[in-house]
Colleague: 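Sharing a structure, written as structure tokens. Questions coming.
Note that ligands are numbered from 1 as they come in the structure, with each ligand's atoms numbered from 1 the same way. FYI, the numbering just counts along the sequence from 1.
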Amino acid sequence: MAIYGKQKAIATNPAKANRTVNFSVEGRSTRGFSNNYIKARLKSAISNGNIWPAFQPIVSIDSGHLAGFEILARWTASGGRNIPPDHFIPLLEKHNLIDDLTKALIRSSCAQARDWPGTFFIAFNISPCQLLHEEMPDWLMAEEVRAGFPLNRLQIEVTEGSLHSQEETAYATLRKLDSLGVKVSIDDFGTGYSSLARLEAFPFRKLKIDARFVRGLDRDAGKRRIAAAIIGLGQSLGITVVAEGVESEKEASILSDLGCPLGQGWLFGAGVPAHEAREMVDGLGTPHTDTPPLLDASPFQQLHQLRSLYQQSPAGLCFLDVNLRHVRVNDLFAKMLGASSFQITGKTIDEVLSDPTLDQLREILNAALKNDHTPTQEVVIAERDYQVFVQKVVDVGGDVIGLSLVTVDVTEQKHIIRKLHLSDAHFRHLAEVSPTIAWAARPDGTVDYISPLATDIEGEAMQKRIDRWYSKMHTDDLARVRAEWLAWLPSVRPFSTTFRMAQTGGNYLLMRSRAHPQLDENGAVIRWNGMISPLIVDEGA
Ligand code: G
Ligand code: G
Ligand code: MN
């Protein structure tokens, strides 16, 4: 993505900014001049190179590699003043000079670009009226051959609106160009008249998304959806898509996520003179082809891939929109609700569930819409246990569009776990009835270790455990045992005593506690190691 930063936006857009200014040529209003005078000035501006080709790069959105250039006519008038194309193009059209401009632009740009390395294309804008002359493809080809630039790297851009009048003639011209290997792009797609009919009427090779759907699409979900739809349309029809007017990294990154292969705009570079374009060729590197492979499957393919994934999944799958309506469910999910997927699709959870499950699920789902991560939930539906994984789904711009649910039937596992719990409780009970506890004491008789019981709290501090043990001893025995023990210490011989230990339920169990002194080489006590066990069991053994 760092590549995007290379070509910094430098240009302003005079054509769009000065739209209300009167037509003017070389700084003077065209009003009051004779047509002949104006035509002569326009003619000389073309022939003496005051109108010149600016090269704007079109790059692969993912890699930043150069795919080609769009040639934009620029008029630098006396004193370095720029006359916007929106002003002079209509004049050239009116005075029948637009073909002269195109020829001059081809001559100049192709002759220069011919020797640059790479296989980048060059695209020219063609005015509507130019398509109405049958011989147009012939002179275009002648200019191209003369300039020595390969015809298959030549492209032309036509706006949708340009095809409105005398369409049959225009289409005949386009078909002829296509048969000569000139790729025809549809420019400013989405702004013109009846775009989809155009796509059907002629096999365009490129589709340029108008900048109005691109600029700010990171902040506007509406633009994003339109851009996504146009990109999907291009993918479905196998037409390369170019996003125009890309100005920020954010826009580029979203376009890339949407699967748009090519981009054009100030982020990648504004229109520049030939010598600067030459540097771009070195700086940006050329991709292998000007049409990167469509790695993102067409929406058509994606749909069918998703469908088969959905159906083959060993888990229940469901996509809910933000109104908690079932947009798509698989058979397993439907089965969980005791219905067919057909019966559930389109319905809200309120329409397919009842309380208390509905209440529980609604709470889980509403929380999931607000939070990024939702813990796994357990839900009981029709006396079966399910684990429900909920994930909020956001579009590439971060807008929440729904929830994805995965459900796993854990009834059998729960059954096994319940059994384990039962046997665990049984074991705990046994351990309590028949405990064998290890303990240890320092040479002075202070007990500083007692082994845990199954019923003990995990991670509990040792002193707490010891205190709890003392609290279980019958109060009458506690003082006696302590006295016996302290009196016994100096003997340095095995110790044995009995006491009553409280059981849950209020009974007492008679226990025996024994201890052995552990001695060092001088016969001094290092530790006392003891064992407590029920007297009955002990005696029986
Ligand atoms: O960058 P810019 O301001 O150049 O473009 C303004 C408009 O002028 C755009 O719609 C562009 O397509 C058009 N334009 C630029 N160069 C040419 C050209 O050589 N021929 C035609 N017909 N239109 C052009
Ligand atoms: O109509 P067409 O797409 O041919 O015109 C291209 C126009 O868009 C030119 O006027 C060109 O200068 C302008 N342009 C190119 N890149 C950008 C951009 O990133 N932002 C804006 N605002 N205009 C751009
Ligand atoms: Mn264009």
Colleague: Counting only heavy atoms, which portion of V246 has something under 4.0 Å from ligand 2: side chain, backbone, both, or neither?
Modeller: backbone
Colleague: Is a salt bridge present between K183 and D178, judged by a nitrogen-to-oxygen distance below 4.0 Å?
Modeller: no
Colleague: Using a strict 4.0 Å cut-off to heavy atoms of L101, name the atoms of ligand 1 that fall inside it.
Modeller: 19 (O)
Colleague: Looking at P85, which atoms of ligand 1 are within less than 4.0 Å of one of its heavy atoms?
Modeller: 2 (P), 3 (O), 4 (O), 5 (O), 6 (C), 8 (O)
Colleague: Between D188, L72, I71, which one has a non-hydrogen atom sitting closest to atom 1 (O) of ligand 2?
Modeller: D188
Colleague: Please lay out, stage by stage, how W116 and F55 fare under the test ring pair (Phe, Tyr, Trp, His ring centres under 6.0 Å).
Modeller: CA-CA 13 Å; W116 301 349; F55 292 68; 5.4 Å; yes
Colleague: At a 4.0 Å threshold, what atoms of ligand 2 neighbour a non-hydrogen atom of Q56?
Modeller: 15 (C), 16 (N)
Colleague: When you compare ligand 1 with Q130, is there at least one nitrogen or oxygen pair between them that comes in under 3.5 angstrom?
Modeller: no
Colleague: Between K392 and D372, does any side-chain N to carboxylate O distance fall below 4.0 Å?
Modeller: yes
Colleague: For R74, state whether at least one heavy atom is located under 4.0 Å from any atom of ligand 2.
Modeller: yes
Colleague: I'd like to check the side-chain hydrogen bond (donor to acceptor under 3.5 Å, both in side chains) partners of E351; sequence neighbours left out, ordered by chain and number.
Modeller: T348
Colleague: Output a table of donor-acceptor pairs, distance under 3.5 Å, between side-chain atoms of residues 363-371 and any protein atom two or more places apart or on a different chain; print 'none' if there are none.
Modeller:
unit_1: N366; atom_1: ND2; unit_2: R362; atom_2: O; d: 3.2
unit_1: N371; atom_1: ND2; unit_2: A367; atom_2: O; d: 3.0

Colleague: With heavy-atom distances below 4.0 Å as the criterion, list the atoms of ligand 2 near G265.
Modeller: 16 (N), 19 (O)
Colleague: I'd like to know if R278 pairs up with D282 as an ion pair, taking the criterion as any Lys NZ or Arg NE/NH1/NH2 lying under 4.0 Å from an Asp or Glu carboxylate oxygen.
Modeller: yes
Colleague: What are the atoms of ligand 1, with element, lying closer than 4.0 Å to any heavy atom of L105?
Modeller: 19 (O)
Colleague: Does E93 have any side-chain hydrogen bond (donor to acceptor under 3.5 Å, both in side chains) partners at least two apart in sequence or in another chain, and if so, which?
Modeller: S127
Colleague: I need the protein N, O or S atoms closer than 2.8 Å to the Mn ion (ligand 3), given as residue plus atom name.
Modeller: E70 OE2, N125 OD1, E157 OE1, D187 OD2
Colleague: Thinking salt bridges, do E244 and R215 make one under a 4.0 Å N-O criterion?
Modeller: no
Colleague: I'd like to know if R224 and D395 make a salt bridge, using a cut-off of under 4.0 Å between side-chain N and carboxylate O.
Modeller: yes
Colleague: Considering only NZ, NE, NH1 and NH2 on the basic side and carboxylate oxygens on the acidic side, decide whether E144 and R114 come within less than 4.0 Å.
Modeller: no
Colleague: Looking at K176 and D138, is there a salt bridge between them, counting it only when a charged N and a carboxylate O are closer than 4.0 Å?
Modeller: yes
Colleague: Is the closest side-chain heavy-atom distance between T173 and P137 below 4.5 Å?
Modeller: yes
Colleague: Below 4.0 angstrom from a heavy atom of E244, which ligand 2 atoms are there? Numbered from 1 as shown, please.
Modeller: 2 (P), 3 (O)
Colleague: Heavy atom under 4.0 Å from ligand 1: found in I89's side chain, backbone, both, or neither?
Modeller: side chain
Colleague: How long is the straight-line distance from NZ of K103 back to CG of L97, given to the nearest 0.5 Å?
Modeller: 10.5 Å
Colleague: Here's one to test your reading of the geometry: is the NZ or CZ of R198 within 45 degrees of the ring axis of F204 and under 6.0 Å from its centre?
Modeller: no
Colleague: Atoms of ligand 1 less than 4.0 Å from A73 heavy atoms?
Modeller: 15 (C), 16 (N), 19 (O)
Colleague: Side chain, backbone, both or neither: which part of L267 comes within less than 4.0 Å of ligand 2 when only heavy atoms are counted?
Modeller: neither
Colleague: Is the shortest N/O to N/O distance between Q264 and ligand 2 below 3.5 Å?
Modeller: no
Colleague: Which bit of D86 is near ligand 1, meaning a heavy atom under 4.0 Å away: side chain, backbone, both or neither?
Modeller: side chain
Colleague: Any atom of ligand 2 sitting under 4.0 Å from a heavy atom of G245?
Modeller: yes
Colleague: Give a yes/no verdict on whether any heavy atom in E70 is under 4.0 Å from an atom of ligand 2.
Modeller: yes
